[in-house]
Amino acid sequence: MLDLIILSLHFFICFLISIAIWYGPKDVDSHSASTGEAEMQPDGLIFIGKEDDIKKSQRITAKIDGREIVVFYHEGKFHALDSRCYRKIFSCVISDIDGQACIVCPWHKFKITLETGEGLYEGINPQEPTPTPKWQSKGVKQRIHKVTIDNGNVYVSPPDLSVSFDSDYYAEKYKQGGELAMGK
């Protein structure tokens, strides 16, 4: 009987956590009132927010030409990347994996480096005498954006869409239909 009560309590807590993630911290759109998009500066950079505000919140999302990005402040550095892997990564956990700061997708457990956008996986080389799991790269999966800090303001460079990444598919899918297109 006690096991049933503990199991029920566990499922209830998981349900509450799911609701908290679903409705949790709302995304903050950085945009001008006139265009509904992020503010493009004369030098081509896109204003995201105030440095101190992002440091306090640790992360913020913004839309650039309908594309949702997230800017993280982690261990004294700013990182910007597409806000979509298969789902929303805004609410993800940041972990240290093999000396690299990585986001861990809350649904799929994908590990993506903040610095490069590389996907990581733990694999073995069966040809080694005693194969042991080691972190390896799947290549760049998530589009990253260059961050610039100027006079207490945080800016990102517009994405270079001449090169394609896996996250582009999901960014475009979200752009076309929002949350409903993502199957959330």
Side-chain angles (χ1 to χ4, degrees), residues 21 27-30 37-38 40-41 43-49 54-55 57-128 131-150 154-179 181-184:
I21 289 172
D27 300 346
V28 178
D29 286 335
S30 175
E37 295 293 322
M40 178 78 74
Q41 303 299 307
D43 57 4
L45 296 176
I46 300 160
F47 173 76
I48 299 300
I54 299 172
K55 283 180 177 179
S57 68
Q58 302 291 300
R59 61 188 77 184
I60 187 173
T61 59
K63 286 189 181 170
I64 299 174
D65 190 27
R67 180 187 208 97
E68 193 175 65
I69 67 159
V70 62
V71 177
F72 291 98
Y73 180 73
H74 180 70
E75 295 183 350
K77 292 177 76 176
F78 287 93
H79 305 276
L81 56 155
D82 280 355
S83 167
R84 303 281 163 179
C85 97
Y86 299 90
R87 298 276 185 155
K88 195 180 247 186
I89 62 172
F90 179 75
S91 59
C92 67
V93 174
I94 298 177
S95 298
D96 181 275
I97 297 175
D98 202 28
Q100 300 179 78
C102 296
I103 56 170
V104 180
C105 171
W107 286 275
H108 306 97
K109 306 302 180 218
F110 295 141
K111 287 129 183 93
I112 302 167
T113 65
L114 289 176
E115 197 73 36
T116 64
E118 282 181 277
L120 299 180
Y121 70 98
E122 203 168 24
I124 61 169
N125 180 352
Q127 296 178 347
E128 287 181 3
T132 55
K134 294 181 183 154
W135 288 104
Q136 301 179 42
S137 173
K138 297 186 221 177
V140 177
K141 299 294 183 182
Q142 200 78 13
R143 180 176 296 282
I144 60 169
H145 304 268
K146 183 178 182 240
V147 178
T148 303
I149 311 298
D150 186 33
V154 177
Y155 302 90
V156 296
S157 299
D160 173 10
L161 298 176
S162 67
V163 179
S164 178
F165 299 101
D166 289 0
S167 66
D168 292 337
Y169 171 80
Y170 299 99
E172 190 60 32
K173 190 172 179 178
Y174 174 79
K175 184 176 171 181
Q176 291 175 5
E179 296 294 335
M182 296 305 295
K184 185 171 181 185

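One-based numbering along the sequence shown.
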Note, [X] side chain near [Y] side chain (heavy atom, < 4.5 Å):
X	Y	answer
Phe165	Val140	yes
Val70	Ile60	no
Ser157	Ile46	no
Thr148	Val156	no
Val104	Lys109	yes

Any sub-3.5 Å donor-acceptor pair from [X]'s side-chain atoms to [Y]'s backbone N or O?
X	Y	value
Ser95	Ile97	no
Glu122	Trp135	no
Thr113	Cys102	no
Gln142	Asp82	yes
Ser167	Arg143	yes

Shortest non-hydrogen contact from [X] to [Y]?
X	Y	value
Thr116	Ile144	C-CG2, 3.8 Å
Pro131	Asn125	CB-O, 3.5 Å
Ile124	Pro126	O-CD, 3.4 Å

Test Phe72 against Leu81 for side chain to side chain contact (heavy atoms under 4.5 Å, CB included), laying out the working first. CA-CA 9 Å; Phe72 291 98; Leu81 56 155; 3.8 Å; yes
So how far is it from [X] [atom1] to [Y] [atom2], rounded to the nearest 0.5 Å?
X	Y	atom1	atom2	result
Glu68	Ser83	CD	OG	3.5 Å
Glu118	Lys111	CD	NZ	15.0 Å
Asp98	Lys134	CG	NZ	10.5 Å
His145	Ile48	NE2	CD1	9.0 Å
Ile112	His79	CD1	NE2	14.0 Å
Tyr170	Arg67	OH	CZ	13.5 Å

Do Asp160 and Ser162 get their side chains close enough for a donor-acceptor pair, meaning under 3.5 Å?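 There is such a pair (donor and acceptor under 3.5 Å, judged by atom type) between the side chains of Asp160 and Ser162.
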Salt bridge (charged side-chain N to carboxylate O under 4.0 Å, His left out), paired with Asp166, selected from Lys141, Lys173, Lys138: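 Answer after filtering Lys141, Lys173, Lys138: Lys141.
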Tell me whether the count of non-hydrogen atoms from other residues, nucleotides or ligands lying under 6.0 Å of NZ in Lys77 goes above 12.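 Atom NZ in Lys77 is not packed in, count stays at 12 or less.
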So Phe78 and Tyr73, would you call those rings parallel, tilted or perpendicular, with 30° and 60° as cut-offs?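 Tilted: the ring planes of Phe78 and Tyr73 meet at 30° to 60°.
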